[in-house]
Amino acid sequence: IEGEKRTLKGRLHLLFAIVQFTAIALVLLNFEDAFLPLGHNFYQLAQLLKILIQIGLYGLVAAWVLPFLKKYFGFFERGFLFSSNLYFLLIALAILWSN
């Protein structure tokens with residue numbers, strides 16, 4: 001909670017969130033070339049979602065570090081999570097499309 005003393009539980013939550021977001025970003029930000037064999041539309045959508053993921057992730061880090069962006073932290077976090085979930089949906093659709 002904002003302004004409260006940091007607890008072990010809170011620090012572990014933050015650590016696991018950072019690890020999870022990093023893992024998602026590492027996978028998805030390097031995945032769009034897998035869509036090339038499926039056609040231009042899948043690739044373009046993957047590129048768009050990659051940009052949204054980057055904006056969300058970079059904004060999230062900036063809002064975590066820069067005090068004047070702190071009020072937008074939740075916005076960037078939701079943007080990152082929503083666009084990464086859409087990317088996973090695109091991967092699922094690509095698997096179905098290719099069969």
Side-chain angles (χ1 to χ4, degrees):
I1 298 176
E2 186 77 28
E4 296 290 320
K5 185 178 176 181
R6 292 191 179 208
T7 63
L8 176 62
K9 184 177 178 181
R11 289 180 184 177
L12 285 174
H13 174 83
L14 180 60
L15 174 68
F16 291 140
I18 291 170
V19 169
Q20 177 190 10
F21 282 29
T22 302
I24 289 171
L26 286 173
V27 170
L28 297 184
L29 295 179
N30 296 299
F31 198 82
E32 78 274 0
D33 287 342
F35 290 106
L36 279 172
L38 297 175
H40 192 63
N41 291 335
F42 275 107
Y43 185 75
Q44 279 188 321
L45 192 51
Q47 286 292 99
L48 173 65
L49 289 172
K50 178 182 175 180
I51 291 168
L52 293 175
I53 289 169
Q54 287 174 323
I55 290 169
L57 183 63
Y58 299 152
L60 185 65
V61 172
W64 187 33
V65 174
L66 302 172
F68 67 93
L69 288 176
K70 193 170 217 153
K71 61 184 174 184
Y72 300 109
F73 183 87
F75 174 75
F76 289 119
E77 181 183 31
R78 296 298 171 231
F80 174 80
L81 291 172
F82 186 69
S83 56
S84 61
N85 283 328
L86 286 176
Y87 204 111
F88 283 119
L89 177 62
L90 182 64
I91 292 169
L93 291 174
I95 290 169
L96 290 174
W97 182 269
S98 65
N99 286 333

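Basis for what follows: all heavy atoms, side chains included, without hydrogens, waters or symmetry-related copies.
The minimum heavy-atom distance between I91 and F35, with the atom names listed, is CG1-CZ, 3.8 Å. Of all the heavy atoms in S83 and I53, the pair that sits closest is OG-CG1, 3.4 Å.
Taking OH of Y87 as the start and CG of L48 as the end, the distance is 10.5 Å to the nearest 0.5 Å. In this structure, the separation between CG on L38 and CG on L90 is 9.0 Å, given to the nearest 0.5 Å. In this structure, CD in Q47 is found 10.0 Å from NE2 in H40, a value given to the nearest 0.5 Å.
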Report all side-chain donor-acceptor pairs from residues 15-22 shorter than 3.5 Å, counting only partners two or more places apart or in another chain.
residue: T22; atom: OG1; partner: I18; partner atom: O; Å: 2.7

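Considering only heavy atoms from C-beta on, L52 stays 4.5 Å or farther from F80 through its side chain. Between L28 and F88, the closest side-chain pair of non-hydrogen atoms falls below 4.5 Å.
I51 and F31 fall into different hydrophobic clusters, where Ile, Leu, Val, Met, Phe, Trp and Tyr residues are linked whenever their side-chain heavy atoms come under 4.5 Å apart, directly or through other members. Both L45 and I95 belong to a single network of hydrophobic side chains, linked directly or stepwise wherever heavy atoms of I, L, V, M, F, W or Y lie under 4.5 Å apart. Residues F82 and L57 share a single hydrophobic cluster, defined by chaining ILVMFWY side chains whose heavy atoms lie under 4.5 Å apart.
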- [ ] Walk me through it: do L69 and W64 pass the test side-chain contact (heavy atoms from CB on, under 4.5 Å)?
- [x] CA-CA 8 Å; L69 288 176; W64 187 33; over 6 Å; no
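Sorted by first and then second residue, the salt bridge (charged side-chain N to carboxylate O under 4.0 Å, His left out) pairs involving residues 50-68 (not counting sequence neighbours) are E32-K50.
F42 pairs by the ring pair (Phe, Tyr, Trp, His ring centres under 6.0 Å) definition with W97, not counting sequence neighbours.
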